[in-house]
Amino acid sequence: MTSLNPAVIFLLAGLFTPFAAVDVRRYITLAAPLIGLALLLLANHGDHGQIEIFNLQLVTYRLDKLAFVWALIFHIAAFIGALYAFHLKDATQQTAALFYQGAAIGAVLAGDLLTLFVWWEITAIASVFLIWARKTDRAYRAGMRYLIIQIGSGVILLTGLLLYNKDNGSLAFNHLGLESVATWLIFIAFGIKCAFPLLHNWLQDAYPEATVTGTVILSAFTTKLAVYALARGYAGTEILIWIGATMTAFPIFFAVIENDLRRVLSYSLNNQLGFMVVGVGIGSEMALNGTAAHAFSHILYKALLFMAMGAVLYRVKTIKASELGGLYKSMPWTTVFCIIGSLSISAFPLFSGFISKSMILTAAAVEHHTIVWLILLLASAGVMDHSGIKIPFFAFFAHDSGKRCEEAPRHMLWAMGIAAFMCIAIGVYPQALYQILPYPVDYAPYTTTHVITQLQLLLFSALAFVFLFKTGLYPPEVKSVNLDTDWTYRSGAVAIMKPINTLTSRLTQSAFGGLHAMWLVSIAALDRVVGPKAWLSRSLDSTGMVAATMGLLFLFLLLYLF
Amino acid sequence: MNQNQHTKIDPQERSYWLDKPGTLNLIIAVLVLSCIALFAVDFFYHKHGHFDFEQWPGFYAWYGFLSYCAIVLTAKQMRKLIGRREDYYESVDSDINNEQDHDQS
C-alpha cells in the first residue's frame, strides 16, 4: 500500500526527460504511466498528503470512487498517447506531455481547491507546448489564444476559491452548488475548460493546430478534467442540463460543414462533453454513473479517432476532407481502427458508446426531461453523421484522391489497436467498467428494446446519408473556414481596436508631433520632477528629517489634545 | 514539401473490391433491407419505453432519418452565413510554410 501521488511520478519523469538520451526519453514516457498506474492501484481510498500552509488545510491526494475512474482512464490515455508518440525525438513535446498528463491526474486527485488550482494552471501551461511544437506561425498564434483563455480560467478559479475560503473558512473541494459569487466564479472557470456554449471555441481553434501526436494527448485531459470538476462540485445543478443539451446540439452543425477533419473531431468532442454535462446536471446516481462511464469510453474512442486522423496527417501531410479520399487502399489498418472508433462514438451495440451514453439518456428519460431527451436523441443522429460517417468516409473512401502513401508506423498502429480493443471490450463486457463506477449500477444496456431502437436510429441515419449523398443534397467538402465565436476576438475586436489605435496615434501626432517626440516630452517632464537633480531626488539632511518628524508629532499631540 | 511522398496511382495497382461497380449497390441494398427489417420488427415485440411517443411504429427510425436530414440541410444553409474563404484569417499555407519536420527534429 502506498500513498505516493502518481502525479509526482509524471513530474519527476518530466524533469528528467530533457536531460536523457533520445532512446531513453521514449521509454520514460511509456514507463511513467505504468508506474503511476501501479501506484494508483496500490493506494488505499481516502485522504493522503495532508499539509497545512498559512492555516490552510490542504489535501493533496484524495482517492475515492469518483476520482478513481478519471485517474485510471487518464493513466491509460497517457500510456496510449506515449505509445502513439513513440517515434518522437522532440524533448519539448515529451516533457510537455508528461507535465500535462501528470497535472491532469494531480488535479482529479486534489482534495482541496488550492491544490486543484495549482494543477489546473500547470495543465494550461504545459499543454500549450504541444501546440507550439508544430512550429508554424499559425500554431504559435493559435497557442497564444489558447493560453490566454486557459490562464483566464485559472485566474477566475483563483478568485473564486479565495472568496470561497473567506466565506466558508475552508478550501475542501466537495459539493459547491451555485450559491454565492464565489461558487459562480468557480463554475465559470470550470465552464471555460469544459467548453460551455460561447466559451467553447478555444477548443476547435487550438486542438487542430497542435502536432500529430499533440492533438491526441490534448483530446484526453483538459476537458474531461473539467467534467470531473463539475461532477464533483455541481452535481444536480439544473442549469447544467440545459447547458449540456445545447452543447450536444450546436457543434454538430459546425462539424457537418467543417473541412479540417481534426477540427470536425474537435466539434464532435464538444458534442460528447454535452452528454456528460447533462449527466452531471441531472445528478442522479444513474446519471453520474453515466457521466463517469461516458468520460471513460469517450476518452478511448476520441483518442482513437484523433490517432487515425493524425496518422493520415502524418503520412499525407494534409487532413482536409476536400483533399482526401480513397486512403483505405494505402492505410487499411488505420481504416479499420478508425471505423471501430466511429462505431464506438456512434454508440452501435457491442461498442463502448452504446453502454455509456445510453445511461445518460435513460437517466434523462427516468426524470422525464422530455425536451432534453429529444435533443440528445437528435444529437445522437448528428454524431452518426460527423463522426460515424463523415470522418471515415471522406478520409478513406469517397472519391479516390489518387493519393497513395505508406501505412501508419507500427507503434501508431499498436496504439490505435489497444484503444480499438478497449472500445470493443467495454462494449462487449460492460460489467468491467460498471464495477468501477462511483455508485452501484442498476442498469442493463443489452435489452431487446434498446438494441433494436438504437439500430433503428443509427441505420436510418445512415440511410438518410445515402439518400442525401445520392441526390446530391449532401453539402460537398470544400476548402473553407467557418466563423465561430473566435471571430469576435480574431476579427471583431481587431476591427474595433483599429480606429481607436488610429485615433490615438493621430492625437499623439498633432499634440507632440509623433510618438517619439511624445516620449521625449514625457521623459523630460519626469526628469524635472524625479530626475537626479530634481527637488524630489535631493538627499535630505537628517537634522531636517528629525525636525520634520518632531514637528509632525507635535502637531499630532496638539490635534489630540484640543 | 514532400512532393514525392504520394506516389501517383500505379497503373499496375491491384483492383479493389470496393472499386467494382456492383459493390456499392450491394452495400446500399444490404442497408435498405436492414432498415426495412428493423422497421418491421417494431410490430412484433413489446417495446419498453419511458414516453408514450416511443410506442409509435418506427419512432426511432423516423426520428433518426428526419433528424439526420434536418441537421445536414440546416448546416448546408449555415455555410452561406458563416462560410468564408480558406484564407479569411490567415494565408492558406500558414500551416505548412515554415513547418519544420517537427516529428523528426
Side-chain angles (χ1 to χ4, degrees), chain A residues 87-90 133-139 141 209 211-212 252-253 256-257 314-317 328-329 365-366 368 370 373 377-378 381-382 384-385 397 402-405 447-449 452-453 455-466 468 473-475 479-484 490-491, chain B residues 1-2 5-10 13 16 18-19 28 31-32 34-35 38-39 41-42 45-51 54 58-76 78-79 82-86 88-90 92 94-100 102-105:
Chain A
H87 62 285
L88 284 188
K89 295 176 185 162
D90 181 4
R134 185 87 175 263
K135 292 177 181 165
T136 61
D137 293 343
R138 187 191 182 91
R141 287 190 287 268
E209 304 300 341
T211 61
V212 165
I252 55 185
F253 297 97
V256 173
I257 50 175
Y314 184 71
R315 285 301 192 208
V316 189
K317 305 291 170 196
Y328 78 94
K329 294 172 184 171
V366 168
H368 280 90
T370 313
W373 186 84
L377 207 58
L378 174 114
M384 181 65 191
D385 174 61
F397 303 100
K403 292 195 163 75
R404 296 290 181 270
C405 61
T447 62
T448 315
T449 306
I452 290 176
T453 52
L455 282 174
Q456 284 175 337
L457 184 79
L458 295 175
L459 289 187
F460 273 85
S461 297
L463 191 66
F465 171 74
V466 171
L468 293 171
L473 287 169
Y474 196 88
K479 293 179 180 179
S480 63
V481 293
N482 298 308
L483 304 184
D484 198 341
R490 294 176 76 176
S491 288
Chain B
M1 59 190 281
N2 294 300
Q5 185 84 17
H6 331 115
T7 42
K8 283 290 162 190
I9 302 171
D10 182 354
E13 191 178 70
Y16 287 84
L18 261 177
D19 281 346
I28 294 174
L31 177 66
V32 170
S34 315
C35 285
L38 277 167
F39 197 96
V41 162
D42 251 18
Y45 80 109
H46 177 68
K47 212 190 282 185
H48 295 278
H50 296 273
F51 304 107
E54 280 183 84
F59 166 74
Y60 282 85
W62 284 112
Y63 197 81
F65 190 90
L66 295 175
S67 298
Y68 193 98
C69 292
I71 291 164
V72 170
L73 296 176
T74 311
K76 194 178 173 184
M78 273 168 62
R79 200 173 245 176
I82 61 166
R84 292 292 183 275
R85 280 159 48 104
E86 213 176 7
Y88 180 78
Y89 287 120
E90 36 204 331
V92 177
S94 62
D95 58 344
I96 47 166
N97 63 354
N98 56 349
E99 184 168 21
Q100 292 143 30
H102 54 80
D103 291 321
Q104 309 300 331
S105 59

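Here the structure is a predicted model, which is why all the values come from computation and not from measurement. We name chains A, B, ... by the order of the sequence lines, and we start the count at 1 in each one.
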Please determine if Lys47(B) and Glu54(B) form a salt bridge, counting it only when a charged side-chain N lies under 4.0 Å from a carboxylate O. no
Looking at [options], which makes the most heavy-atom pairs under 4.5 Å with chain B?
options: Ile452(A), Leu459(A), Val256(A); answer: Ile452(A)
options: Leu468(A), Thr449(A), Val466(A); answer: Thr449(A)
options: Val481(A), Asn482(A), Leu457(A); answer: Val481(A)
options: Thr448(A), Ile257(A), Leu458(A); answer: Ile257(A)
options: Thr447(A), Val366(A), Asp484(A), Leu377(A); answer: Leu377(A)

May I ask you to test the [X]-[Y] pair for a side-chain heavy-atom distance under 4.5 Å?
X: Tyr89(B); Y: Arg141(A); value: no
X: Asp385(A); Y: Ser461(A); value: no
X: Glu90(B); Y: Asp137(A); value: no
X: Val72(B); Y: Phe465(A); value: no
X: Phe460(A); Y: Tyr68(B); value: no

Relative to chain B, which segment of [X] carries a heavy atom at a distance below 4.5 Å: side chain, backbone, both, or neither?
X: Thr370(A); value: both
X: Tyr328(A); value: side chain
X: Leu463(A); value: both

Nearest heavy atoms of Lys403(A) and Val316(A), plus distance in Å: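 That closest heavy-atom pairing would be CD-CG1, 3.2 Å.
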[X] versus chain A, heavy atoms under 4.5 Å apart: side chain, backbone, both or neither?
X: Ile28(B); result: side chain
X: Arg85(B); result: backbone
X: Leu73(B); result: side chain

Using a 4.5 angstrom heavy-atom cutoff, name the option from Tyr88(B), Tyr16(B), Trp62(B), Phe59(B) with the most pairs to chain A. Tyr16(B)
Assess whether side chain to side chain contact (heavy atoms under 4.5 Å, CB included) is satisfied between Trp373(A) and His368(A), documenting all intermediate values. CA-CA 8 Å; Trp373(A) 186 84; His368(A) 280 90; over 6 Å; no
